[in-house]
K.L.:
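Quick one: the structure is below, questions incoming.
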Amino acid sequence: MYVFRRCLSTPTNTVSYFELFSLPVSFDISRDVLSAKFRILQSFYHPDKHVQKSAAEQRTAAEASAKLNLAYKCLQDPYCRAVHMLYLRRFEHNPHVMDPQFLTHMMDFNDSVEMCQDVSELETLAEQNSSALARCFARFEEYFVLEEYETASEWLAKCKFFLQNRERIEGRFEMLT
């Protein structure tokens, strides 16, 4: 609880979401552990628990709950978690710098998704995309651990494309079914 109270008094943009939940800065975190810690902390700081308190205490509880929600949502999402990890290392992630060959591959993949008329073929594309996304996140983690933040950031930028592909594929599934 001490760590959380200390984080509460820190501006949001300087808080380590990992520290808030007493977790190591790592891409590979247990979502079950994160959820359990979130529930425990929310049981103390949720605004509904402070309705009988002073206005200042209610405001503090609401701010704490908002920080918790923001941190929890970010750590649950692999992309947001990775961006936060880079931020904690004072490295500014720039998702707009990209290898032209990779961009060409992404355009070809997107064309395949858009032209796809068969659900089973679309399922194959979804599996390929999911595998590529997992590989990109693994490479991000690998380079982050090696403290090669520039390369880690490049892999994270690629992850963003595969996440967008996943959304396109889901949209295409809706059109075909």
Side-chain angles (χ1 to χ4, degrees), residues 3-38 41-42 45 63-114 125-173:
V3 170
F4 185 71
R5 283 194 194 108
R6 187 166 51 83
C7 288
L8 283 179
S9 64
T10 308
T12 304
N13 60 351
T14 61
V15 172
S16 165
Y17 295 157
F18 295 94
E19 187 178 4
L20 209 57
F21 292 103
S22 300
L23 294 171
V25 177
S26 173
F27 186 74
D28 186 28
I29 61 172
S30 166
R31 291 177 68 126
D32 291 338
V33 170
L34 175 63
S35 293
K37 289 183 179 217
F38 174 74
L41 289 169
Q42 274 294 29
Y45 293 101
E63 290 170 3
S65 183
K67 272 188 185 181
L68 270 174
N69 286 328
L70 181 66
Y72 179 65
K73 287 178 184 173
C74 182
L75 292 181
Q76 279 187 308
D77 178 84
Y79 183 81
C80 184
R81 183 182 330 130
V83 170
H84 186 64
M85 289 170 66
L86 288 172
Y87 171 79
L88 292 174
R89 296 300 183 259
R90 308 234 187 287
F91 186 88
E92 187 173 336
H93 172 58
N94 182 357
H96 304 293
V97 177
M98 191 57 58
D99 168 27
Q101 185 177 0
F102 176 79
L103 290 175
T104 301
H105 174 69
M106 287 295 96
M107 289 189 316
D108 292 343
F109 188 86
N110 286 331
D111 288 345
S112 296
V113 171
E114 293 304 316
L125 291 171
E127 289 171 15
Q128 290 171 356
N129 188 70
S130 180
S131 295
L133 177 60
R135 283 191 305 275
C136 279
F137 277 133
R139 295 303 298 255
F140 164 81
E141 183 178 23
E142 174 187 336
Y143 285 105
F144 184 86
V145 168
L146 294 172
E147 298 181 4
E148 294 181 23
Y149 303 129
E150 182 78 34
T151 306
S153 181
E154 290 169 7
W155 281 101
L156 187 56
K158 291 178 181 181
C159 290
K160 185 73 171 178
F161 279 88
F162 291 113
L163 290 167
Q164 291 168 342
N165 287 346
R166 184 170 62 192
E167 290 177 11
R168 282 187 193 92
I169 291 168
E170 288 169 0
R172 192 72 182 152
F173 269 123

K.L.:
To the nearest 0.5 Å, what is the distance between CZ (F144) and CG (L146)?
P.N.:
11.0 Å
K.L.:
What distance do L125 atom CG and F173 atom CZ have between them, rounded to the nearest 0.5 Å?
P.N.:
8.5 Å
K.L.:
Grab the two heavy atoms, one from P24 and one from I29, that are nearest each other, plus how far apart they are.
P.N.:
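Of all heavy-atom pairs spanning P24 and I29, the closest is O-CG2, 4.4 Å.
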K.L.:
For the ring pair F38 and Y17, is the centre-to-centre distance below 6.0 Å?
P.N.:
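Ring centroids of F38 and Y17 are no less than 6.0 Å from each other.
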K.L.:
Using every non-hydrogen atom in the two residues, find where L86 and H93 come nearest and quote the distance to one decimal.
P.N.:
CD1-CB, 3.9 Å
K.L.:
Could you tell me the separation between the CD1 atom of I169 and the CZ atom of F162, rounded to the nearest 0.5 Å?
P.N.:
10.0 Å
K.L.:
Are the ring centres of F140 and F27 closer than 6.0 Å?
P.N.:
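Yes.
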K.L.:
Give every residue pair that meets the side chain to side chain donor-acceptor pair (under 3.5 Å) criterion with at least one member in residues 100-109, sequence neighbours excluded.
P.N.:
none
K.L.:
Please answer whether the main-chain N or O of F21 pairs with a side-chain N or O of K37 as donor and acceptor at a distance below 3.5 Å.
P.N.:
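Flag set: sc K37 to bb F21 pair under 3.5 Å.
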K.L.:
Partners of Y143 by side-chain hydrogen bond (donor to acceptor under 3.5 Å, both in side chains), sequence neighbours excluded?
P.N.:
R139
K.L.:
Stepwise, does the side-chain contact (heavy atoms from CB on, under 4.5 Å) test hold for R89 with V25?
P.N.:
CA-CA 10 Å; R89 296 300 183 259; V25 177; 3.9 Å; yes
K.L.:
Quick one: list whatever passes side chain to side chain contact (heavy atoms under 4.5 Å, CB included) with E127, sequence neighbours left out.
P.N.:
none
K.L.:
Which value, rounded to the nearest 0.5 Å, describes the distance between L133 atom CG and K158 atom NZ?
P.N.:
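Those atoms lie 13.0 Å apart.
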K.L.:
Can any side-chain N or O of R166 pair as donor or acceptor with the backbone N or O of A126 at less than 3.5 Å?
P.N.:
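No.
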K.L.:
Suppose we screen for side-chain hydrogen bond (donor to acceptor under 3.5 Å, both in side chains). Which residues come up paired with N165, at least two apart in sequence or across chains?
P.N.:
N129, R168
K.L.:
May I have the list of side-chain donor-acceptor pairs in residues 69-77 shorter than 3.5 Å, sequence neighbours left out?
P.N.:
from: N69; atom 1: OD1; to: Q42; atom 2: NE2; distance (Å): 3.0
from: N69; atom 1: ND2; to: S65; atom 2: O; distance (Å): 3.3
from: Y72; atom 1: OH; to: S35; atom 2: OG; distance (Å): 2.9
from: Y72; atom 1: OH; to: Q76; atom 2: NE2; distance (Å): 3.0
from: D77; atom 1: OD2; to: Y79; atom 2: N; distance (Å): 3.2
from: D77; atom 1: OD2; to: C80; atom 2: N; distance (Å): 2.7

K.L.:
Is it the case that the ring center of F161 lies less than 6.0 angstrom away from the ring center of F109?
P.N.:
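Between F109 and F161, the centre distance exceeds or equals 6.0 Å.
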K.L.:
W155 and E141: side-chain contact (heavy atoms from CB on, under 4.5 Å), yes or no, with the steps?
P.N.:
CA-CA 9 Å; W155 281 101; E141 183 178 23; over 6 Å; no
K.L.:
What pairs with S131 under side chain to side chain contact (heavy atoms under 4.5 Å, CB included), at least two apart in sequence or on another chain?
P.N.:
R135
K.L.:
Any chance you could measure S26, atom OG, to M85, atom CE, to the nearest 0.5 Å?
P.N.:
6.0 Å
K.L.:
Kindly assign one of parallel, tilted or perpendicular to the pair H84 and F18, based on the angle between their ring planes and the thresholds 30° and 60°.
P.N.:
parallel
